[in-house]
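Below, read A as the first sequence line, B as the second, and so on, with proteins coming before strands; counting in each chain starts at 1.
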Amino acid sequence: MVHNVRPRFIGIGALALVAGAVSLLVDTGPLATIAGLVVLILPGPVVAEALLPRRAASVLERLAWGIAAAFVVTVGAGLALSQVSEVTRRGWAVALTAVTLVGLAVGTVSEQSTAATADPARRDRRRAWPVVGVAAASVLMVVAAVAISVDSDRHVSTTSFSELWMLPANADGAVVVGVRSHQPSAATYRVELMAGATRWRSWTVAVRPGREWQVTVAAPDAELRCRLYLNGGTSPYRSVDLAPSARNQPADPGAGR
Amino acid sequence: MTTVDLSVPRSGARHRRPASARAARESASALATVCLLTSLGVLVLAVAFRAGREAAPHALTLFWIGEVLLFAPAALWLLRFPCSRAAAEVIAVLVAVTSYATKVAYSPTEFRFPDELQHWRTATDLLASGNLRTPNPALPISPHFPGLELVTSAVAQSTGASLFVSGLVVVGFAHLLTVLMLLFFFRNITDSARVAALAVIVYSANPHFQNFDAMFIYQALGIALLATCMAASARAVIADADAPRWLAMAVGAGVATIATHHISSYALIGFLGVGLIDRVVARDRAGARRLGLVLGVTAAAALVWALVVAPDTSQYFQPVAEQLANNVTGLLGGGGGGASPPPQNGSRIDQLLAYASVALLLLAAVWGWWVVRRNPVRPAWLTGIAVAAGSFLLALAVRVVSSDGAELYGRAMSFVFIPLSVVAAIGALALAARCEPVLGRLVIALMLVVIFVGGIMTGWPPAWERVPGHYQVSAYESSVEPQGVSAAQWAGRYLPPGTNIAADFTNNTLFGTYGRQNAIRQVAPLYLGRTFTPAARSLVSELTIRYLVSDARLATQLPASGSYFPLDPNSYRYKHPLPLADLRKFDHVPGASRVYDGGAIVVYDLRGVTHGS
């Protein structure tokens, strides 16, 4: 029996080590994703197999205990990581690979001390086909339901809008003026900056949907007003202002960079 | 042989034991039909949600057809056919997958519920900083119970998936685990796959099962771990040689529950305590010793966690406890309790079905309790669980007495339904066994459907957003749309994080999460009234409010949830929408700067206001 057990455990151990190493060395791309998935998936089933008896448990029951063990060890590993270092991709790779290897070691001892379970009798494959058909049809309907919802949620009608802002950029009196477009197509904006009653600066800019335009400009020590005109319109579409008292302190030292 | 499967119809014992291959085939093909009909229910619900988004009038009709398809076929099958362990597992997976798919179909592209966004913020903080020390003003207790965020960050960081997709995957598996572990637990304490499967069906009728408990919130994983601990503990009690293995799993799951969700861990301790008493009364020394071990470790870990890791837990619950105490005191003093406000837009039929649902649940549970009590041999933990089902009465009392009763009742049901669903399932099967086979099954199935429909009516989402649709004011998911999200994201990019900001009900959540601001809750007086009074100026100064969000859409509708603001003195008393002039009065306040204009949403910088005071 030991001869039967060891190759399986060695195989899983090798897989865990390779996936852990790839996760440590590769940060992005399909290889990193696959390795990350393996690192993530292995500990639960391995710990469940090591810990729990296999007698009289259905495949689903073993799967459920595997998921449960995965949650438990991930919470535990995460708490340990947050205490001793940082919760990062590399941290997870090390912690979860270690859990898998320890689980395999415990499982090896456990398997040697308990009787192996006989494989369940082979099922009649002809009887399985209708089950597969029903399961496939059910899965198809559930997937279609989610697809319909994603599609309708993305296309739910929303109002087109644009955003205008003006913030103090630094203590020297410069301000940041910005525009973000949520129009259905590229829009042309005219931005007017007034200092008191004087038109200080004006810009005409084209902004594509989802993109923003921003400028940092020095302005005199007066009340500033900024107006946004959309697509050649003559009445202000958006307006913001900045009192002199608000210009002493920038909202965010990073604004305008 | 211990059994509580009293579902054998008196005149129909043939249904219990499939004497022939024909009966087995009939049962299997009926189960296949159940699978297809239930999946069809999800499809119908997705079409209903699509119709809701397009404001089609038939959306609600489709919704109810889909919901009944989701529930009734499996219930009818269990009342009609004997149930093997494998069939029970198929039904449990069906319940878990279809209910979770329904939740995903409701909000498939982003997290929208306030609690989900609050946990999203904790998770983003964890991903950004690599530690749990970043405070989350939107839900300060969340980083102290980080189980959900840790698992989600493991998925996101290991696979490179987005936080939203990772969250959906984690909660999906947690939802599946909850149902399967409850099935295993129910099976162990009743010795019956049929009762266990029906108990799972009844559990799915709890008001929060389909939506709230399947959200990206710590309770979703908390309940899954709670159920795991209970299932492993139940196995440990009845196991012989394998008891230490099950105990290890139970203790692990118990400690993980504590690190994940406060209420789940307290409920777990309660259920374990009930189990321990059950075993002590039954003079089962081995069982008592094993449950005592799990209970002892779990309770000690919970105490240490509350004292060392999450000392703010008591502070978190304090307002709820004080309000409940005030309501009870008021009731005892003859001044009346704090009865919950009437559900907005909920029809009279909604309310009638909700009452009928509670009455039928009570009937089934009382009958089930009587059956358990009458049964001479009871499996371990069953009597204790049957007694624990009495907590339903306590939850009903809270529902009636507390001004926050509706919410507290709904939240409690996720836990109260664990024991309640077992006794109700036993009661329903016993009642069916007493009736004429066909009619009895139909009546009991109808009763279960009423319980299920009543659960939806008292649960989440509420009547005004039962199907997703267009924007509504102060309406939780229905208020989260691109304008609000974009304004909050602007604040996250350009305003200093953690700045005190005033906002209405919805923007409070959005600016506190996407915006990474410290959204203050006591801000209603700033918005109410035509003028910016000295008292309002003092409030800005006292609360050190730097920015204020003004959403003109508050002037277009009454608040769906009853409140325009997080702590609204006029909750449920609004007769007209807020005047636009009240919301935009800051344009004329000396020293206030209008720094952001997104159309409906405007952000004011109030620093100049306090400088001038």
Side-chain angles (χ1 to χ4, degrees), chain A residues 23 28 32-33 36-37 39-40 51-53 58 60-61 64-65 67-69 71-72 74-76 78-79 82 86-89 92 130 134 137-138 141-142 144-146 148-150 152-154 156 158-159 161 163-167 180 182 238-243 245-246 249 251-252 255, chain B residues 32 35-36 39-40 42-43 46-47 49-50 53 86 89 97-98 101 104-105 108-109 126 130-132 147 150-151 153-155 157-160 173 177 180-181 225 228 242 245 248-249 252-253 256 259-260 481-483 486 490 494-496 591 593-599 605 607-608 611:
Chain A
S23 285
T28 53
T33 302
L37 270 174
V39 165
L40 205 60
L51 214 53
L52 304 177
S58 67
L60 190 73
E61 197 169 344
W65 288 110
I67 296 169
F71 278 135
V72 171
T74 309
V75 170
L79 288 173
S82 67
E86 285 191 340
V87 182
T88 59
R89 176 180 163 81
W92 285 118
V134 168
S138 299
M141 280 193 273
V142 170
V146 174
I148 287 170
S149 296
V150 169
S152 66
D153 195 60
R154 282 193 178 145
V156 67
T158 52
T159 316
F161 65 101
E163 300 164 279
L164 170 69
W165 63 89
M166 180 164 59
L167 292 166
R180 190 175 182 84
H182 297 272
R238 297 281 185 262
S239 67
V240 292
D241 56 56
L242 209 52
S245 57
Q249 285 183 307
D252 179 2
Chain B
C35 290
L36 294 173
S39 307
L40 181 66
V42 183
L43 197 57
V47 174
F49 294 161
R50 184 189 191 113
R53 291 182 186 107
E89 288 173 4
V97 171
T98 53
V104 173
T109 55
L126 176 60
N131 63 56
L132 294 161
L150 284 170
V151 179
S153 73
V155 176
Q157 289 177 320
S158 298
T159 65
F173 276 107
L177 190 64
L180 286 174
M181 287 299 161
L225 292 166
T228 301
D242 297 325
R245 295 159 176 264
M249 177 57 93
T260 301
E481 49 65 68
Q483 285 192 69
S486 191
W490 169 84
Y494 292 106
L495 304 184
S593 298
R594 180 181 166 120
V595 294
Y596 169 92
D597 183 353
D605 182 340
R607 285 180 294 177
H611 288 167

Under 3.5 Å donor-acceptor, B:Gln157 side chain and A:Val87 backbone: yes

If one checks every heavy atom of B:Gln483 against chain A at 4.5 Å, the contacting part turns out to be both

Note to self: Working note: B:Met249 + A:Trp65, criterion side chain to side chain contact (heavy atoms under 4.5 Å, CB included); need CA distance, chi angles, decisive distance, verdict.
What the structure shows: CA-CA 9 Å; B:Met249 177 57 93; A:Trp65 288 110; 3.7 Å; yes

Under 4.5 Å to a heavy atom of chain B? For A:Ser138 that would be both

Turns out that what part of B:Leu225 lies under 4.5 Å from chain A's heavy atoms comes down to side chain

Cut-off 4.5 Å, heavy atoms of chain B, and the answer for A:Leu40 is side chain

- Item | Side-chain touch A:His182/B:Ser486, heavy atoms, less than 4.5 angstrom | yes

So CE of A:Met166 and OH of B:Tyr494: to nearest 0.5 Å the spacing works out to 14.5 Å

Turns out that what part of B:Leu43 lies under 4.5 Å from chain A's heavy atoms comes down to both

Notebook entry, point to check: Any side-chain heavy-atom pair from A:Ser149 and B:Arg53 closer than 4.5 angstrom?
Noted result: yes

Examine distances only and state if a side-chain atom of B:Asp597 and a backbone atom of A:Ser239 form a donor-acceptor pair shorter than 3.5 Å. yes

If one checks every heavy atom of B:Ala154 against chain A at 4.5 Å, the contacting part turns out to be both

Most heavy-atom pairs under 4.5 Å with chain A, out of B:Ala256, B:Ala101, B:Gly591, B:Gly598, belong to B:Gly598

Heavy atoms of B:Ser153 and A:Trp92 approach each other most closely as OG-CZ2, 3.6 Å

Here the pair of heavy atoms bringing A:Val134 nearest to B:Cys35 is CG1-CB, 3.8 Å

Value for CG (B:Leu126) from OG1 (A:Thr88), rounded to nearest 0.5 Å, stands at 10.5 Å

For a side chain to side chain contact (heavy atoms under 4.5 Å, CB included) check, start with the C-alpha distance between B:Leu495 and A:Leu167, then their side-chain angles and the critical distance, and finish with the verdict. CA-CA 9 Å; B:Leu495 304 184; A:Leu167 292 166; 4.2 Å; yes

Chain B shares the most heavy-atom pairs under 4.5 Å, among A:Val72, A:Val142, A:Thr74, with A:Val72

When the 4.5 angstrom heavy-atom criterion is applied to A:Ala32 and chain B, the contacting part is backbone

Looking only at A:Ala145, A:Ser23, A:Ala137, most heavy-atom pairs under 4.5 Å shared with chain B are made by A:Ala145

Of the listed A:Leu79, A:Val146, A:Thr28, the one with the largest count of heavy-atom pairs under 4.5 Å with chain B is A:Leu79

The reported gap from CH2 in B:Trp490 to CH2 in A:Trp165 (rounded to nearest 0.5 angstrom) is 8.5 Å

Interface check, chain A: of B:Gly599, B:Ser158, B:Ala248, B:Gly252, most non-hydrogen pairs under 4.5 Å belong to B:Ser158

* Asked: So, the side chain of B:Thr159 versus the backbone of A:Gly36: is there a donor-acceptor pair under 3.5 Å, distance only?
  -> no

Would you indicate whether B:Phe173, at its atom CZ, is surrounded by more than 12 heavy atoms from other residues, nucleotides or ligands within a distance under 6.0 Å? no

Max heavy-atom pairs within cutoff under 4.5 Å with chain B, candidates A:Val75, A:Ile148, A:Asp153, A:Thr33, goes to A:Asp153

Okay, B:Leu36 and chain A: the region with an atom under 4.5 Å from a heavy atom over there is both

Note: vs chain A, highest number of non-hydrogen pairs under 4.5 angstrom among B:Thr228, B:Val595, B:Leu180, B:Val42 is B:Val595

All heavy atoms of A:Arg154 vs all of B:Thr109, minimum pair found to be CG-CG2, 3.9 Å

Quiz item: Within the side chain of A:Asp241, is there an N or O that forms a donor-acceptor pair under 3.5 Å with the backbone of B:Arg594?
Solution: yes

